[in-house]
Amino acid sequence: MGNCGLDNFIKEEKLQSIFNQVFDRQTIEAVHELANKGYIDYLEHIISTGKEAHVYKAVDKAGNPRAVKIYKIETSNFKNMRAYIEGDLRFKNVSSDRRSVVYQWTRKEYKNLEKFTEANVRVPIPFAFHKNVLVMEFIGNEQAASTLKDSPFQNIQKLYKIVVGELAKMVYKAKLVHADLSEYNMLNHNGELVIIDCGQAVLLSHPNAKLFFERDIRNMCNYFRKMGLQKTPEEMKDDIKALKSSV
Ligand code: ADP
Ligand code: MN
């Protein structure tokens, strides 16, 4: 199923019309660029329509399922984005115009997914990005996997151990703080935990890294408490530290 015309990467009329309403010419061209390189053959359906991004299930030229996250230029909170890009040594020149900030953000999410993957943190494997479009591993079966919010783990004690293990790899191996950790950014893929939404993750050297880490820990403790497992932030941090030499 090749791409011959300009808009052929969307087969369904309804999807095409949503896409055209939300994305500009340059975004459509960015998808085409990725299609020309084989990373996308076509977009199959919408998984999520967030304020800042849409996520699509797609298929690549070899027939593999893919997730394609496309950041919206107009409605992204680019001032907030700047705060996470500034202070990150990987981005020496933080752009000031909206479009470039969103492009930098997309690149940041790609780089973060790459670092996490290298450190064996279970995140979607990143495959490519161009401008505001990111192609990554699709997490799910036919449909995308649900978040922890919608499909909690049966064994909460086991989930706690997994989360502590992932956090230890994030901090000690990837040397990144996720900075938006919650039950909304974790997927339950047939009982496997997959952490998503990594655009805001910052290096440990970021001036706010500690603050973001503390917040992540608090959010997770709140979640575990709701699920019936009492852990204080101190306990959770100790459990993470205990893994320092074994990650
Ligand atoms: P945001 O919260 O900024 O809108 P997310 O990265 O959290 O963006 O993605 C939004 C939703 O899209 C997720 O809750 C999940 O349902 C789905 N999603 C994101 N990435 C993937 C992926 N790699 N595979 C399957 N579904 C995904
Ligand atoms: Mn999210």
Side-chain angles (χ1 to χ4, degrees), residues 67 69 83-85 87-91 108-127 134 136-140 144-247:
K69 186 171 185 178
Y84 285 79
I85 299 172
D88 193 312
L89 299 169
R90 294 170 296 176
F91 297 85
K108 185 160 174 281
E109 176 149 29
Y110 180 89
K111 293 284 171 196
N112 287 337
L113 288 172
E114 211 171 43
K115 261 182 177 260
F116 281 141
T117 301
E118 280 163 15
N120 261 322
V121 178
R122 187 59 179 111
V123 295
I125 299 165
F127 292 112
L134 169 67
M136 61 186 145
E137 179 188 3
F138 171 75
I139 308 298
S146 306
T147 64
L148 271 195
K149 171 73 188 162
D150 294 325
S151 36
F153 275 54
Q154 299 294 330
N155 186 336
I156 200 70
Q157 188 72 50
K158 188 177 152 204
L159 176 69
Y160 177 77
K161 280 211 167 123
I162 295 171
V163 170
V164 164
E166 294 300 290
L167 277 162
K169 284 182 277 180
M170 285 183 160
V171 175
Y172 297 121
K173 258 180 119 179
K175 303 199 188 306
L176 285 171
V177 176
H178 183 282
D180 193 16
L181 222 52
S182 77
E183 62 271 34
Y184 293 93
N185 284 331
M186 293 177 160
L187 303 181
N188 178 351
H189 179 37
N190 310 323
E192 182 191 26
L193 180 79
V194 183
I195 297 168
I196 60 163
D197 209 356
C198 297
Q200 67 295 314
V202 295
L203 298 174
L204 294 184
S205 56
H206 189 283
N208 291 329
K210 189 154 168 41
L211 204 84
F212 295 152
F213 181 69
E214 298 287 337
R215 190 176 63 191
D216 280 352
I217 296 285
R218 267 201 319 276
N219 287 343
M220 289 320 297
C221 285
N222 288 341
Y223 174 71
F224 284 115
R225 190 173 329 104
K226 270 189 276 176
M227 301 305 292
L229 184 70
Q230 308 284 338
K231 295 280 178 186
T232 65
E234 282 61 42
E235 283 174 307
M236 189 163 187
K237 281 189 277 181
D238 285 344
D239 291 336
I240 293 166
K241 273 184 206 149
L243 295 176
K244 185 171 181 176
S245 56
S246 58
V247 292

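- Under the 4.5 Å side-chain criterion, counting only non-hydrogen atoms from C-beta, Leu89 is in contact with Leu203.
- Residues Gln200 and Tyr84 come closest through the heavy atom pair O-CD2, 3.2 Å.
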Please list every donor-acceptor pair under 3.5 Å in which a side-chain atom of residues 173-184 meets a protein atom from a residue at least two apart or in another chain.
residue : atom : partner : partner atom : Å
Lys175  : NZ   : Tyr172  : O            : 3.0
His178  : ND1  : Asp180  : N            : 3.0
His178  : ND1  : Leu181  : N            : 3.4
His178  : NE2  : Ile196  : O            : 2.9
His178  : NE2  : Asp197  : O            : 3.2
Asp180  : OD2  : Asn185  : ND2          : 3.2
Ser182  : OG   : Tyr184  : N            : 3.0
Glu183  : OE2  : Lys226  : NZ           : 3.0

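- Contacts of Phe213 classified as ring pair (Phe, Tyr, Trp, His ring centres under 6.0 Å), with partners at least two apart in sequence or in another chain: none.
- For the ring pair (Phe, Tyr, Trp, His ring centres under 6.0 Å) condition, no pair includes a residue of residues 227-247, sequence neighbours left out.
- Judged as a side chain to side chain donor-acceptor pair (under 3.5 Å), and not counting sequence neighbours, the contacts of Arg90 are Asp88, Asn112.
- Under the side chain to side chain donor-acceptor pair (under 3.5 Å) criterion, Glu109 pairs with Lys69, Tyr71, not counting sequence neighbours.
- Atoms CD and CD, from Glu235 and Gln230 in turn, are 9.5 Å apart once rounded to the nearest 0.5 Å.
- Counting heavy atoms from C-beta on, the side chains of Ile195 and Met170 come closer than 4.5 Å.
- The stretch residues 227-247 participates, sequence neighbours left out, in no ring pair (Phe, Tyr, Trp, His ring centres under 6.0 Å) pair at all.
- With sequence neighbours left out, the salt bridge (Lys or Arg N to Asp or Glu O under 4.0 Å) criterion links Lys169 to Glu166.
- Ser146 is linked by a side chain to side chain donor-acceptor pair (under 3.5 Å) to nothing, counting only residues two or more places apart in sequence or in another chain.
- When the side chain to side chain donor-acceptor pair (under 3.5 Å) test is applied to Lys111, no partner is found at least two apart in sequence or on another chain.
- When all heavy atoms of Gly191 and Phe153 are compared, the closest pair comes out as O-CE2, 3.4 Å.
- Rounding to the nearest 0.5 angstrom, the gap separating the CG atom in Asn188 from the OG1 atom in Thr147 is 9.0 Å.
- Contact between Tyr223 and Pro152 at its shortest, heavy atoms only, is OH-CB, 3.9 Å.
- Put simply, NZ on Lys108 and CG on Leu134 are 13.0 Å apart, with the number rounded to the nearest 0.5 Å.
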Below 3.5 Å, can you tabulate the donor-acceptor pairs from side chains in residues 116-123 to any protein atom, sequence neighbours excluded?
residue : atom : partner : partner atom : Å
Thr117  : OG1  : Leu113  : O            : 2.7
Arg122  : NE   : Glu192  : OE2          : 2.9
Arg122  : NH1  : Glu137  : OE1          : 3.1
Arg122  : NH2  : Glu137  : OE2          : 3.0

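- Judged as a side chain to side chain donor-acceptor pair (under 3.5 Å), the pairs with a partner in residues 236-247 (not counting sequence neighbours) are, in order, Tyr160-Asp239, Glu214-Lys237.
- Taking each heavy atom of Met236 and Phe224 in turn, the nearest pair found is CE-CE1, 4.2 Å.
- Distance check: Met227 CE to Leu159 CG gives 8.0 Å after rounding to the nearest 0.5 Å.
- Applying the ring pair (Phe, Tyr, Trp, His ring centres under 6.0 Å) test to His189 and every residue at least two apart in sequence or in another chain returns nothing.
- Once rounded to the nearest 0.5 Å, the distance linking CD1 of Ile162 with CG of Leu193 reads 6.0 Å.
- Shortest non-hydrogen contact noted between Ile139 and Pro124 is CG1-CG, 4.1 Å.
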